[in-house]
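Both counts, for ligands and for their atoms, begin at 1 and track the order of listing. Numbering of residues begins at 1 and proceeds along the displayed sequence.
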Amino acid sequence: MTPADHPAFMNMMKATTGVVIRKADEYAAVARYLNRNPGMSHLAFDGDQLVGCAMSGHDGKRGYLQHVMTAPQAQSQGIARTLVDRCLEALSREGIDKVHLDTLHDNHQAHRFWERLGWSNRNAEIVRFSRLLVDDPNA
Ligand SMILES: CC(C)(COP(=O)(O)OP(=O)(O)OC[C@H]1O[C@@H](n2cnc3c(N)ncnc32)[C@H](O)[C@@H]1OP(=O)(O)O)[C@@H](O)C(=O)NCCC(=O)NCCS
């Protein structure tokens, strides 16, 4: 994935239930993320149509997955699994040993997907706190 993919990425985000579009998904922030984490975010295309996305990066200690999605007509073909594997391989090559991701509390189909891929639900142990640094609830 490169910054040039941003328009197609945004169209896919808008068409996908279970993901939330934030200000951090605008071009400048996505380009900064991709430049800070080169080779760690991957897309799948059917011809020239974007059908899959998985973004990842790390902070030097832990890896993070974001925006894993497959277009409805392309689901159940192993696209998300393949893209996630590519992200994990890239993180592992950088020496990252553990990767986190967030899902919406009520996105039960995503929870089943992650469990199928062998991820652990940490809901009983971890509570995430967040704080805005700008006066924008959609930052
Ligand atoms: C979740 C999502 C990314 C799965 O994409 P996909 O390309 O259809 O998934 P894959 O085909 O790679 O499936 C990989 C495995 O997970 C399983 N799986 C996929 N979706 C599943 C679900 N809802 N429940 C249970 N298992 C599921 C598949 O059966 C497959 O298992 P197998 O490889 O052992 O046969 C897709 O449904 C999606 O885009 N959902 C909307 C966006 C979203 O919620 N993203 C997650 C945000 S955290």
query: Can you tell me the protein heavy atom closest to atom 24 (N) of ligand 1 and the distance?
result: R112 CB, 3.4 Å
task: Report the part of T16 (side chain from C-beta onward, or backbone N, CA, C, O) that has a heavy atom under 4.0 Å from ligand 1; answer both or neither where that applies.
output: side chain
field: Protein residue, atom and distance nearest to atom 32 (P) of ligand 1, heavy-atom basis
entry: R81 NH2, 3.6 Å
task: May I ask you to identify the nearest protein heavy atom to atom 39 (O) of ligand 1, giving residue, atom name and distance to one decimal place in Å?
output: T70 N, 2.8 Å
field: Residue selection (non-hydrogen contact nearest atom 30 (C) of ligand 1) among R116, Q75, M13
entry: R116
task: For the residue pair W114 and W119, categorise the inter-ring angle as parallel (less than 30°), tilted (30 to 60°) or perpendicular (more than 60°).
output: perpendicular
- prompt: Taking the inter-plane angle between the rings of H6 and Y27 on a 0 to 90° scale, is it parallel (under 30°), tilted (30 to 60°) or perpendicular (over 60°)?
  reply: perpendicular
message: What verdict does the side chain to side chain contact (heavy atoms under 4.5 Å, CB included) test give for H67 and D25, after you've listed the backbone C-alpha separation in whole Å, the side-chain angles of each residue and the deciding distance to 0.1 Å?
response: CA-CA 10 Å; H67 300 329; D25 298 310; 2.7 Å; yes
field: Atoms of ligand 1 close to W114 [distance to a heavy atom under 4.0 angstrom, numbered from 1]
entry: 48 (S)
Proximal atoms of ligand 1 relative to D102 (non-hydrogen, under 4.0 Å): 48 (S)
task: Could you name the option among V68, T17, V20 that has the heavy atom nearest to atom 47 (C) of ligand 1?
output: V68
Show me, pair by pair, the donor-acceptor contacts under 3.5 angstrom made by side chains of residues 72-93, not counting sequence neighbours?
unit_1	atom_1	unit_2	atom_2	d
Q75	NE2	T70	O	2.9
T82	OG1	G78	O	2.8

query: For the hydrophobic clusters of this structure (ILVMFWY residues joined by side-chain heavy atoms under 4.5 Å, transitively), does one cluster hold both V51 and F45?
result: no
field: Close side-chain approach of F9 to M13, heavy-atom, < 4.5 Å
entry: yes
- request: If you have a sec, work out which protein heavy atom is nearest atom 8 (O) of ligand 1 and how many Å separate them, to one decimal?
  value: S76 N, 2.8 Å
task: Mark whether atom 12 (O) of ligand 1 lies under 4.0 angstrom from at least one protein heavy atom.
output: yes
- request: Answer yes when R128 and D102 have at least one side-chain N-carboxylate O distance shorter than 4.0 Å, and no when they do not.
  value: yes
query: Is the count of non-hydrogen atoms from other residues, nucleotides or ligands lying under 6.0 Å from R22 atom CZ greater than 12?
result: yes
field: N or O contact, A110 vs ligand 1, cut-off under 3.5 Å
entry: no
- prompt: Any nitrogen or oxygen of T82, main chain or side chain, under 3.5 Å from a nitrogen or oxygen of ligand 1?
  reply: no
- prompt: Is it true that V84 lies under 4.0 Å from ligand 1, counting heavy atoms only?
  reply: no
query: N/O to N/O below 3.5 Å, does that happen between T103 and ligand 1?
result: no
Check: Y64 side chain, D59 main-chain N or O, donor-acceptor pair, under 3.5 Å: no
- prompt: Same cluster or not: are L50 and M1 linked, directly or through other Ile, Leu, Val, Met, Phe, Trp or Tyr residues, by side-chain heavy atoms under 4.5 angstrom apart?
  reply: yes
query: Got a donor-acceptor contact below 3.5 angstrom from the S41 side chain to the S56 backbone?
result: yes
query: Which residue from E115, H111, Q77, Q109 reaches closest to atom 40 (N) of ligand 1 through any of its heavy atoms?
result: Q109
query: What's the shortest distance from atom 27 (C) of ligand 1 to any protein heavy atom, and which residue and atom give it?
result: F113 CA, 4.0 Å
task: Please say whether G78 places an N or O atom under 3.5 Å from an N or O atom belonging to ligand 1.
output: yes
- prompt: Considering only the protein, which heavy-atom contact is closest to atom 3 (C) of ligand 1, and what is its distance?
  reply: A80 CB, 3.8 Å
- prompt: To the nearest 0.1 Å, how far is atom 15 (C) of ligand 1 from its closest protein heavy atom, and which atom is that?
  reply: L117 CD1, 3.7 Å
message: For a 4.5 angstrom cut-off between non-hydrogen side-chain atoms, does M55 reach L34?
response: yes
- line: atom 44 (O) of ligand 1: closest protein heavy atom, distance to 0.1 Å, is N107 ND2, 2.8 Å
